[in-house]
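Here the structure comes first, spelled out in structure tokens, and everything after it is commentary.
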Amino acid sequence: MLAPYTTLGLGGPARRFVEAATAEQLVSEVAEADRTGEPVLVLGGGSNVVVADGGFDGLVVKVASEGVSVSRDGEQVLVTVEAGESWESLAARAVAEGWAGVECLSGVPGLVGATPIQNVGAYGQEVSQTIRCVRAYDRRTRHVVDVEARQCAFSYRDSAFKRDPGRHVVLAVTYALDVSGLSAPIAYKELAGRLGVEPGERVPLADAREAVLELRRSKGMVIDPADPDTRSAGSFFTNPVLSREEAEELETRAPGHPRWDLPDGSVKIPAAWLIEQAGFAKGYSRGPARISTKHTLALTNPEGEATAADLLALAGEVRDGVREKFGVTLVNEPVLVGCELDPGQPSVAGAPE
Ligand SMILES: Cc1cc2nc3c(=O)[nH]c(=O)nc-3n(C[C@H](O)[C@H](O)[C@H](O)COP(=O)(O)OP(=O)(O)OC[C@H]3O[C@@H](n4cnc5c(N)ncnc54)[C@H](O)[C@@H]3O)c2cc1C
């Protein structure tokens with residue numbers, strides 16, 4: 001069963017399951033499966049997937065390669081990390097060593113190899129700000145390639161890797177971090193408030209990390225076996241980004257709604273606000289699947305008794321409720337493996353998908 005390999009605790013059996021302890025083994029397992037036409041699922045920490053109850057009819061390769069190497073590059077260090085290393089361990093080490101740039105990403109679960117896939121981000125930082133290069137196996141050309149940051153085409157919870165799913169297997173990631181005891185400028189208002197500083201100020205790295213971990217724990221966003229709200233895949237929906245016209249349409253339905261105006265004229269809307277205003281409060285449940293009692297965006301399997309179908313039914317209900325009320329279609333953030341969200345009825349207002 002794949003359920004124990006995912007933070008949601010969902011997912012049926014794999015036809016075949018191997019652990020790849022090195023990058024070479026990862027490449028050879030995937031290449032061999034490709035040669036025989038066997039479907040492949042590359043699995044990291046399982047913290048951003050919903051795996052179908054029917055499981056995965058193919059090879060699941062669990063990434064378990066380890067190793068970190070560090071070199072100096074002027075005022076920065078280049079930290080090259082194997083895909084199977086824990087992200088949180090890397091974030092903790094960076095803070096302890098005095099390397100700035102990933103301190104606000106403390107507490108994000110999962111492995112290093114997955115961080116470029118959806119451009120992991122939180123509290124005003126994204127890995128796109130520090131990734132220098134991604135070493136990957138290109139399943140199309142069957143070569144190991146070094147993908148420079150600009151070729152990764154990072155954007156909000158997105159990258160060239162995510163837009164071309166399954167093509168690249170990430171083997172290692174190189175991050176360029178500033179050698180500094182101080183954090184990058186604090187960009188997130190709530191975090192600045194917690195730290196008692198103005199946005200844009202810098203604070204000691206350890207303070208930034210502790211404040212982020214505190215905030216995350218209060219929202220059930222740090223994996224804790226004792227906290228059923230953390231049996232999730234993190235945020236289930238991304239914050240929708242609307243064009244100017246779509247934002248105007250929303251303004252007529254919800255005057256004065258919270259928004260972040262982006263430099264290109266588009267407008268990002270907090271998905272949690274839309275969900276709450278559509279009538280789904282924290283703790284709302286549908287059968288054994290539940291919205292986290294601490295964070296509206298996280299859908300959970302609190303008692304471990306839900307199926308993937310239960311969770312997706314809840315996700316569909318929330319998405320449809322928001323679409324009906326606001327004409328905005330929420331998009332799921334976790335990768336759905338062997339299952340999908342029922343498309344539901346399209347909204348009359350047209351949806352920004
Ligand atoms: C409690 C909680 C809080 C979270 N908070 C955040 C947050 O603040 N910000 C955020 O961005 N995310 C967050 N997440 C989501 C998740 O932790 C990240 O997306 C993380 O990077 C996923 O890593 P993983 O190793 O678990 O990937 P998995 O879930 O194993 O895989 C996710 C996808 O990436 C692919 N993949 C994994 N490894 C590789 C590889 N080496 N090569 C190619 N493809 C690969 C998989 O095939 C799959 O499609 C949270 C999740 C949880 C459970």
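Note that the numbering runs from 1 along the sequence shown for the chain. Quantities reported herein were computed from a predicted structural model and do not represent experimental measurements. Start at 1 and go down the list; that is how both ligands and their atoms are numbered.
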Polar contacts were defined as any N/O atom of the residue lying under 3.5 Å from an N/O atom of the ligand; does this apply to [X] and ligand 1?
X: Gly46; result: yes
X: Leu111; result: yes
X: Gly110; result: no
X: Gly220; result: no
X: Val63; result: no
X: Ala83; result: no

Under a 4.0 angstrom heavy-atom cut-off, which atoms of ligand 1 come close to Arg157?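 In order of number, 11 (O).
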Going by atom types alone, do [X] and [Y] pair a side-chain donor with an acceptor below 3.5 Å?
X: Glu126; Y: Ser128; value: yes
X: Ser28; Y: Gln25; value: no
X: Thr7; Y: Ser47; value: no
X: Ser159; Y: Asn119; value: no
X: Tyr123; Y: Ser106; value: no
X: Ser180; Y: Asp178; value: no

Name the closest protein heavy atom to [atom], giving the residue it belongs to and the distance to 0.1 Å.
atom: atom 47 (O) of ligand 1; result: Val42 O, 2.6 Å
atom: atom 24 (P) of ligand 1; result: Gly45 N, 3.3 Å
atom: atom 21 (O) of ligand 1; result: Val120 CG2, 3.1 Å
atom: atom 19 (O) of ligand 1; result: Gln118 NE2, 2.8 Å
atom: atom 44 (N) of ligand 1; result: Ile117 CD1, 3.5 Å

Which pairs count as ring-ring contact (aromatic ring centres under 6.0 Å, His included) when at least one residue sits in residues 51-77, sequence neighbours excluded?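 Every candidate ring-ring contact (aromatic ring centres under 6.0 Å, His included) pair involving residues 51-77 fails, so no pair, neighbours aside, qualifies.
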So between [options], whose heavy atom ends up nearest [atom]?
atom: atom 32 (C) of ligand 1; options: Val49, Thr230, Thr6, Leu43; result: Val49
atom: atom 9 (N) of ligand 1; options: Ala136, Gly121, Ala122; result: Gly121
atom: atom 13 (C) of ligand 1; options: Val108, Leu171, Thr238; result: Val108
atom: atom 23 (O) of ligand 1; options: Ser292, Gly166, Ala114; result: Ala114

Less than 6.0 angstrom separating the ring centers of Trp273 and Phe237, yes or no?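 Centroid separation for Trp273 and Phe237: 6.0 Å or greater.
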Quick one: which residue pairs count as a salt bridge (Lys or Arg N to Asp or Glu O under 4.0 Å) with a foot in residues 268-286, not counting sequence neighbours?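 Applying salt bridge (Lys or Arg N to Asp or Glu O under 4.0 Å) to every pair that reaches into residues 268-286, excluding sequence neighbours, yields Glu276-Lys282, Arg286-Glu317.
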Might you work through the side-chain hydrogen bond (donor to acceptor under 3.5 Å, both in side chains) test for Ser285 and Arg290, ending with a clear yes or no? CA-CA 4 Å; Ser285 63; Arg290 185 178 78 188; over 6 Å; no
Does ligand 1 have any atom sitting under 4.0 Å from a heavy atom of Lys162?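 Heavy atoms of Lys162 never come under 4.0 Å of ligand 1.
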Does the residue Arg216 have a heavy-atom contact with ligand 1, meaning some pair of atoms that are separated by less than 4.0 Å?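 Yes, that is the case, since the closest heavy atom of the residue is under 4.0 Å from the ligand.
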Examine the proximity of ligand 1 to [X] and report which part, side chain or backbone, both or neither, has a heavy atom under 4.0 Å away.
X: Ala233; answer: backbone
X: Val335; answer: side chain
X: Val170; answer: both
X: Asn48; answer: both

Criterion ring-ring contact (aromatic ring centres under 6.0 Å, His included) on Trp260 and Tyr156, from CA distance to verdict: CA-CA 13 Å; Trp260 297 290; Tyr156 167 63; 8.7 Å; no
Which class fits the ring pair His168 and Phe161: parallel under 30°, tilted 30 to 60°, perpendicular over 60°?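 Ring orientation, 0 to 90° scale: perpendicular.
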